[in-house]
Engineer: 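Before I ask anything, let me first share the structure, which is written out below as structure tokens.
As the structure is a computational prediction, the values presented were derived from the model and not from experiment.
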Amino acid sequence: VQLQASGGGLVQAGGSLRLSCAASGRTFSYSIMGWFRQAPGKEREFVAAFGQSGGMTYYAESVKGRFTVSRDNAKNTVYLQMSSLKPEDTAIYYCATGRPIVVTIARGYDYWGQGTQVTVSS
């Protein structure tokens, strides 16, 4: 499985960005597509996830109401629409896939994309 994340950039506080994660390979074997982020000097943290079966979505409390995760099955791509961005959202954002028992725990994911930088200026 290969994951390619894109869409990061520099945006002012209050602005929006949409991240994409294109998956290829044996993606049918994996049930969850997740987004994590890591800011300098901090641990990687869960942001959002999309369950392949049934379309269940999961969000960190810090992004609820501002971020939306979605999937385009035809393109095998998962999106993270980020709105009302804050400086504290600045981080490298990673997409991942796997069969985590707990969707918020990074070590439960088997495959990771290379990350895309999101910088929110105040």
Engineer: Give the other cluster members for L10, using side-chain heavy-atom distances under 4.5 Å between Ile, Leu, Val, Met, Phe, Trp and Tyr residues; answer none if it is isolated.
Structural biologist: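 When side chains under 4.5 Å apart are linked, L10 ends up in no cluster with other residues.
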
Engineer: Under 4.5 Å between any side-chain heavy atoms of R37 and T90, yes or no?
Structural biologist: no

Engineer: Between R71 and N76, is there a side-chain heavy-atom distance shorter than 4.5 Å?
Structural biologist: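 With C-beta onward as the side chain, the pair touches.
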
Engineer: Given 3.5 Å as the limit, does a donor-acceptor pair link the side chain of Q114 with the main chain of A5, or not?
Structural biologist: yes

Engineer: Would you verify whether the NZ or CZ of R18 falls within 45 degrees of the ring axis of Y79 while also being under 6.0 Å from that six-membered ring's centre?
Structural biologist: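 Geometry flag: set, cation within 6.0 Å and 45°.
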
Engineer: Look at the side-chain heavy atoms of Ile, Leu, Val, Met, Phe, Trp and Tyr, link any pair under 4.5 Å apart, and say whether F36 and M56 land in one connected group.
Structural biologist: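 Yes; tracing contacts between hydrophobic side chains, which count when under 4.5 Å, links both residues.
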
Engineer: Is any side-chain heavy atom of L3 closer than 4.5 Å to a side-chain heavy atom of Y94?
Structural biologist: no

Engineer: Please check: side-chain N/O of Y59 versus main-chain N/O of G65, any donor-acceptor pairing under 3.5 Å?
Structural biologist: no

Engineer: Whether the side chain of S83 engages the backbone of S16 through a donor-acceptor N/O pair (distance < 3.5 Å, no angle test) should be reported.
Structural biologist: no

Engineer: Measure the shortest side-chain to side-chain distance between W35 and M82 over non-hydrogen atoms and say whether it is less than 4.5 angstrom.
Structural biologist: no

Engineer: Of all heavy-atom pairs between A48 and L80, which one has the smallest distance, and what is that distance?
Structural biologist: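 Closest pair (atom of A48, atom of L80, distance): CB-CD1, 4.0 Å.
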
Engineer: Has the side chain of Y109 got a donor or acceptor atom that lies under 3.5 Å from a matching backbone atom of V103?
Structural biologist: yes

Engineer: Nearest 0.5 Å, what's the OG-NZ distance between S122 and K86?
Structural biologist: 14.0 Å

Engineer: Do the rings of F67 and Y93 sit parallel, tilted or perpendicular, given the 30° and 60° boundaries?
Structural biologist: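 Ring orientation, 0 to 90° scale: tilted.
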
Engineer: Tell me, do V1 and D110 make a side-chain contact under 4.5 Å, heavy atoms counted?
Structural biologist: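 A side-chain contact under 4.5 Å is absent here.
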
